[in-house]
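Residue indices begin at 1 and follow the sequence shown. Just the heavy atoms: all of them, side chains too, but no hydrogens, waters or symmetry mates, feed the values below.
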Amino acid sequence: MDTARMSEPPTPHPSRPRIQGGTVLSFRRSTVGSLSLASKHVIGTGVVIGALAFTLIALLIPVQSFGGTTAAAAAAPAGTDDGAGTISTAFGPLTPQDRDFVRKVRLAGLWELPAGRQAQQRGTRPAIRTAGQHLIDGHTELDRRVIEVGQALAVDLPNQPSDQQQDWLRQMDQAQGAQYERLFVQLLRRAHGKVFQLVAQIRAQTRNSMVRALANDANTTVLDHITVLEDSGLVDFDGLADASPSPSTVSPPTK
């Protein structure tokens with residue numbers, strides 16, 4: 001045996017690169033780790049962008065809907081259009097809704113004043129007589145104001161209660177004792193609740209200073225009447241939403 005050949009170091013195989021200290025393996029691991037970290041950043045960024053885009057779309061859809069027909073429907077208070085359009089006055093533009101409101105304030109006094117006088121005469125509870133007195137005081141002053149506004153703005157005003165209001169007065173005429181008092185409170189509280197909503201709409205939207213001032217006065221009066229009616233303890237709040245009377249429709253006056 002040749003001892004010289006045995007002492008020579010073996011020749012490395014040409015197809016197998018020599019790994020020194022695990023350098024190649026470490027390089028592969030670091031490369032995979034770097035790619036994995038970069039992929040996580042890309043995926044995370046994509047998720048964030050997608051979430052922001054979804055949120056923006058969700059916000060834009062209701063805004064666009066509100067800005068369209070939905071907003072227009074909510075902005076316009078229900079009322080009777082007398083066909084005269086918007087009229088320029090010294091106190092600002094006077095719209096059909098403004099004129100309808102002025103007429104409804106006048107109508108309110110035409111049935112609530114006699115209802116208040118009746119409560120003064122027929123009420124057996126002090127709270128009913130108190131409510132009746134508030135109706136008389138409030139609508140006496142409000143009626144004076146609405147007549148002034150009607151004259152200043154050339155708005156023709158009604159001179160008798162509507163058919164619906166006359167029917168409410170007939171119902172109270174026919175009721176007796178405790179039934180009368182409950183009916184008085186419920187009818188007046190329902191009607192005032194509806195008028196309160198109308199007053200708020202007109203006050204927020206009118207561009208006419210006289211109509212705005214009348215809305216302020218009506219708001220104070222209606223809130224006072226709601227309060228004294230509720231103080232009677234006879235309001236059926238569950239029944240307010242059932243067959244609730246709405247502000248009476250005013251037909252355009254005939255000249």
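For R125, the salt bridge (Lys or Arg N to Asp or Glu O under 4.0 Å) criterion is met by E181, not counting sequence neighbours. Checked against side chain to side chain donor-acceptor pair (under 3.5 Å), T206 has the following partners two or more places apart in sequence or in another chain: D98. By the side chain to side chain contact (heavy atoms under 4.5 Å, CB included) test, N216 pairs with R203, sequence neighbours left out. D236 pairs by the side chain to side chain contact (heavy atoms under 4.5 Å, CB included) definition with Q186, D238, not counting sequence neighbours. The ring-ring contact (aromatic ring centres under 6.0 Å, His included) search around H192 returns H225, not counting sequence neighbours. Applying the side chain to side chain contact (heavy atoms under 4.5 Å, CB included) test to A204 and every residue at least two apart in sequence or in another chain returns nothing. Applying the salt bridge (Lys or Arg N to Asp or Glu O under 4.0 Å) test to R212 and every residue at least two apart in sequence or in another chain returns nothing. With sequence neighbours excluded, the residues that form a salt bridge (Lys or Arg N to Asp or Glu O under 4.0 Å) with E148 are R144, R145. Legend: residues meeting side chain to side chain contact (heavy atoms under 4.5 Å, CB included) with E230, ordered by chain and number and at least two apart, are R189, I226, V235, F237.
Scanning all heavy atoms of the two residues, the minimum distance from L110 to P161 falls at O-CG, 3.4 Å. Scanning all heavy atoms of the two residues, the minimum distance from L157 to G150 falls at CD1-CA, 4.3 Å. In this structure, P96 and T86 approach most closely via the heavy-atom pair CD-OG1, 4.1 Å. When all heavy atoms of V228 and A131 are compared, the pair lying nearest together is CG2-CA, 4.0 Å.
When atom types are taken as modelled, the side chain of Q120 and the backbone of G132 share no donor-acceptor pair closer than 3.5 angstrom. Of the possible donor and acceptor atoms, none in the side chain of R122 sits under 3.5 Å from a partner among the backbone N and O of R129.
Between D167 and the choices Q164, Q165, Q171, the side-chain hydrogen bond (donor to acceptor under 3.5 Å, both in side chains) rule is met once, by Q171.
Residues in residues 106-115 take part in these salt bridge (Lys or Arg N to Asp or Glu O under 4.0 Å) pairs, two or more places apart or across chains: R106-D143. Pairs passing the ring-ring contact (aromatic ring centres under 6.0 Å, His included) check and including a residue from residues 195-221, sequence neighbours excluded, do not occur. Under the ring-ring contact (aromatic ring centres under 6.0 Å, His included) criterion, the residue pairs touching residues 82-120 are W111-W168, with sequence neighbours excluded.
Counting only heavy atoms from C-beta outward, the side chains of L153 and N208 approach each other to under 4.5 Å. Side-chain contact between Q97 and I202 is present, with heavy atoms from C-beta onward closer than 4.5 Å. Counting only heavy atoms from C-beta outward, the side chains of L113 and L135 never approach each other to under 4.5 Å. Side-chain atoms of D173 and Y180, non-hydrogen and from C-beta on, never get closer than 4.5 Å to each other.
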_V155 vs L94, side-chain contact (heavy atoms from CB on, under 4.5 Å): CA-CA, chis, key distance, verdict_ = CA-CA 10 Å; V155 177; L94 185 68; 4.0 Å; yes
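Between D82 and R103 there is a salt bridge, with a side-chain nitrogen of the basic residue lying less than 4.0 Å from a carboxylate oxygen of the acidic one.
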